[in-house]
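So that the names make sense, note that chain A is the first sequence line, chain B the second, and so on, each numbered from 1. The figures here come from the full heavy-atom set of this structure, side chains too, leaving out hydrogens, waters and symmetry mates. What you are looking at is a predicted structure, and each value in this text was computed from that prediction instead of being measured.
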Amino acid sequence: MAAASAAAASTVSAISNHVAAGNLFAAIDALPACSGSFLLPASLYASLLRLVTSRRSLAAARRVASHLACSSSSSPSTSSPSIPTFLFNRSIESLAACGSLADARELFDAMPRRDGGSWNAIISAASRAGNPEEALSLFSDMNSVGIRPKDVTLSSVLACCAECLDLHGAQQLHGHIAKRDFQSNVILSTALVDVYGKCLLLADARRAFDDILQPSDISWNVIIRRYLLAGMGDMAAHMFFRMIWAGVRPLVFTVTHAILACRDNYALKEGRCIHTFLLRHGYEHHVHVRSSIVDMYAKCGDIDAAQRLFNLAPMKDVVMSTSVVSGLAACGRIADAKRVFDGMEQHNLVSWNAMLTGYVRSMDLAGALDLFQQMRQETKELDAVTLGSVLNACTGLLDLGKGEELHAFAFKCGLFSYPFLMNALVRMYSKCGCLRSAEQLLLFEMGSERDSYSWNSLIAGYERHSMSEAALHALREMQSEAKPSQSTFSSALAACANIFLLKHGKQIHAYIIRNGYEIDDILQSALVDMYSKCGLFDYSTRVFESGLSQDVILWNSMIFGCAYNSKGDYGLELFDEMRKQGIVPDSVTFLGALVSCICEGHVGLGRSYFTLMTDEYSIVPHMEHYECMIELLGKHGYMVELEDFVDHMPFEPTAAMWLRIFDCCREYGNKKLGERAAQRINDSKPLTPVRFIESAPDYECSDSDDVEHLPYC
DNA sequence: CTAGGGTTAG
């Protein structure tokens, strides 16, 4: 007996030496065989388990666990002391920390007795293993065996509710906590703030926060982060200032959240204020803080401040440089952006993408394609954002061929199914007039992924490419699954205008009003255009006058509306009026003015506008302007001037122009010019026939629509 | 002595 106890003593000291020296496996190997003859002191098991956990060794954790389980089952409960439950609890924690929830659960199920700590260990193990449902179900088992949860367990369970967005469960726990005088526990109260915040009940989160007697730095961090993630940047910043006011030193995370909040809200003033605070309190050397400040300045439009900080920074990492690149690109300084980009030590996917989208945003589409080329040579990496940007460049360039290539490429890369990319493809095909492909994608390949953006692209594409009936059909389809937007209606109204569907146009107008959409400049223009093309001049003037606007497109629509309805002089009055109001006319305005001059026979005035356009406004005349001048001069018999005009055009008149010139020469007699025109017409190919217009579908309409007496906003 | 928060750029 003495020999046995001496052997036991030497085993204990060997193990404890191994543990102290950190020799984990030597300690494990020295564990006595499972005979039940003697047990190590509990404190030694505890420190062994601490070592196991710190090494994250699942093998070691299993050896200790099986040793405990075996010793417990073979020890006669009466003679030798049994293994304390808390050691099993530590062992469960150890197994879980080493990555095996299954082993932890097995030990939990097998252990002889369980106390509150056992339940807590297994619940937090499940929670940490990313298995909140299991943790919640264990919690409910715990309640049904009659064990009262402690504050520690409650906070684990609250975290699980947050994970599962189980608001109902969280509310029940809240009630429970309130009844049990746990308010003074900061950790628990903070978990409560977090769960409400995560469920987006920010008012409840705030109430829970205000109930905390002494909010910790983490409590402040939670409320600030939750406001930020809920899109309430103003409240996030507000709470940050209150935190400082309360004398709590912000964590670095909290600081970056506050700066992000300012960035998201374009709150430059508050951002500067926080920046000053950070300089005074020694945060500015932190790399994340520094990057987020630079980004804040760049996003809030103070690009000079961003660049100044960037230039002063001793370490210019990829993140900070990328912020500066995108900031410069966003304010149109694409060349400066490229310079910073080229000066970067290394590029990654995000920085390449920033430069790419910069080109696209600055409308330097060729530049975007060139950069993509360069990117392909320097890296294999690319993702949906990359392809989406390049695709947007193709869309802008109306380069269907390259767009199709990218489509195939995206398919090959397996990036095809990103909704963002699919929408870019629908947009590309729609803009390029390949409506069949757009339709194919949207109807058969996007499935439930399609949204109002996809539909809007398709509808706008149909409208732009003279498939107005199809546009209205698509609108009806869209309504069964997505909410139309102002942009949808502007395309649909344009479709009605194209084929003079007054009834449908009115129905859409009524729908817009009935559903409370705001009539913005674009919609207002679309309505003016639709009514005037459909011949309801009164309606278009009423829509025009219903909202005063400085929008040049709206004025253009109204001026054209006058011309369609033979009110050229009124159109010219509007032309003068808009210039008086300081609205700068564009090429379309001048086209409208010329059309008005044609219908009213103001030949001299028309000619003076044509000069005014180039001389005063530096607008290069388009094909349509030349067509107008030919019509203006020809229609009213100014044959000498017409011939002179044709001779001075910077390009050869088109076949259609010659046809018109020929007609005018026949009417007013200009043999020389007429023969020239005839010659040109005979050289050219025959014109394509006019398309036959089919009937359009009925737009969804309720009986309450009084189409004759529309209310105006 | 177990529990709460969490890392900037497209």
Side-chain angles (χ1 to χ4, degrees), chain A residues 46 49-50 53 86 89-94 96-97 115-125 127-128 149-160 162 182 185-195 197-198 208-209 212 215-226 228-229 250-257 259-260 263 286-296 298-299 306 310 313 316-327 329-330 337 340-341 344 347-361 375 381-386 388-389 420:
Chain A
L49 282 165
R50 253 199 310 279
T53 303
F86 88 88
N89 300 349
R90 290 296 91 81
S91 190
I92 288 171
E93 282 156 17
S94 217
D115 60 12
S118 322
W119 287 97
N120 180 61
I122 192 65
I123 287 170
S124 59
S127 158
R128 286 182 176 250
K150 294 208 303 178
D151 51 356
V152 180
T153 313
L154 287 171
S155 80
S156 291
V157 177
L158 267 178
C160 294
F182 282 139
N185 185 329
V186 195
I187 295 177
L188 188 53
S189 320
T190 302
L192 206 48
V193 177
D194 199 44
V195 70
K198 183 140 196 233
F209 177 82
I212 303 178
S216 68
D217 47 4
I218 295 178
S219 316
W220 284 101
N221 188 62
V222 166
I223 189 73
I224 289 169
R225 177 166 191 269
R226 284 301 164 203
L228 176 72
L229 293 183
L251 299 163
V252 168
F253 300 111
T254 316
V255 166
T256 56
H257 293 150
I259 301 169
L260 278 176
R263 179 196 71 177
H286 201 284
V287 64
H288 290 157
V289 171
R290 218 195 257 277
S291 290
S292 53
I293 293 176
V294 168
D295 190 52
M296 182 274 295
K299 290 269 162 34
F310 176 70
K316 296 171 178 40
D317 69 346
V318 204
V319 175
M320 197 188 285
S321 312
T322 305
S323 289
V324 174
V325 167
S326 66
V340 174
F341 182 77
M344 286 169 68
H347 297 139
N348 62 14
L349 187 53
V350 177
S351 59
W352 279 107
N353 286 344
M355 194 63 236
L356 260 180
T357 51
Y359 274 117
V360 176
R361 250 194 314 215
M375 179 178 175
E381 272 190 305
L382 90 176
D383 67 3
V385 178
T386 318
S389 301
F420 160 75

ask   = How many Å lie between NZ on A:K150 and C1' on B:dG4, as a whole number?
value = 17 Å

message = If I take atom CG in residue A:D151 and atom P in nucleotide B:dC1, what distance separates them, rounded to the nearest angstrom?
response = 17 Å

query = Would you say B:dG4 has OP1 or OP2 under 4.0 Å from some side-chain N or O of A:S155?
reply = no

inquiry  = As a test of reading the structure: which of B:dG4, B:dA3, B:dT7 is closest to the side chain of A:S219, going by heavy atoms?
reply    = B:dG4

query = Between B:dG4, B:dC1, B:dA3, which nucleotide has the shortest distance from any of its atoms to the side chain of A:V152?
reply = B:dA3

ask   = OP1 or OP2 of B:dG5 less than 4.0 angstrom from a side-chain nitrogen or oxygen of A:R226, does that happen here?
value = no

ask   = Please give, in whole Å, the distance from B:dT2 P to A:R50 CZ?
value = 10 Å

key: Side chain of A:V186 (C-beta onward), nearest among B:dA3, B:dC1, B:dG4   = B:dG4

Length of the NE2-P vector between A:H286 and B:dT7, whole Å = 12 Å

ask   = Parallel, tilted or perpendicular for A:W352 and A:F341, by the 30°/60° rule?
value = perpendicular

query = What's the closest nucleotide to the A:E93 side chain, out of B:dT2, B:dG5, B:dC1?
reply = B:dT2

remark   = Here the pair of heavy atoms bringing A:G197 nearest to A:R226 is C-CD, 3.4 Å

request  = For A:D217, report the nucleic acid contact type (base, sugar-phosphate, nothing); a contact means any heavy atom under 4.0 Å.
outcome  = nothing

request  = Check the distance between B:dG5's P and A:L188's CG and give it to me in whole angstrom.
outcome  = 12 Å

request  = Round to the nearest Å and state the distance from A:L154 atom CG to B:dT2 atom C1'.
outcome  = 14 Å

task = Establish, with yes or no, whether the OP1 or OP2 oxygen of B:dC1 is under 4.0 angstrom from a side-chain nitrogen or oxygen of A:R90.
result = no

ask   = What is the nucleic acid contact for A:V287, judged by heavy atoms within less than 4.0 Å: base, sugar-phosphate only, or nothing?
value = base

ask   = Is the base of B:dA3 touched by the side chain of A:N120 through a donor-acceptor pair closer than 3.5 angstrom?
value = no

query = Which is it for A:M320 and A:I293 under the side chain to side chain contact (heavy atoms under 4.5 Å, CB included) test, yes or no, and what are the steps along the way?
reply = CA-CA 9 Å; A:M320 197 188 285; A:I293 293 176; over 6 Å; no

remark   = Against the side chain of A:L251, the closest entry in B:dA3, B:dG5, B:dT8 is B:dG5

note = A:S124 has its side chain closest, among B:dG4, B:dC1, B:dA3, to B:dA3

inquiry  = Looking at A:D295 and A:K299, is there a salt bridge between them, counting it only when a charged N and a carboxylate O are closer than 4.0 Å?
reply    = yes

query = Any luck finding a side-chain donor-acceptor pair between A:S219 and A:S216 under 3.5 Å?
reply = yes

message = Within the 3.5 Å criterion, strictly below it, is a donor on A:D115 or A:N89 matched to an acceptor on the partner's side chain?
response = yes

message = Tell me the interatomic distance from A:M320, atom CE, to B:dT7, atom C1', rounded to whole angstroms.
response = 14 Å

query = Separation of A:F253 atom CZ from B:dG5 atom P, in whole Å?
reply = 12 Å

key: Distance-only donor-acceptor test (3.5 Å): side chain A:S216, base B:dG4   = yes

query = Would one find a side-chain N or O of A:R290 under 4.0 angstrom from OP1 or OP2 of B:dT7?
reply = no

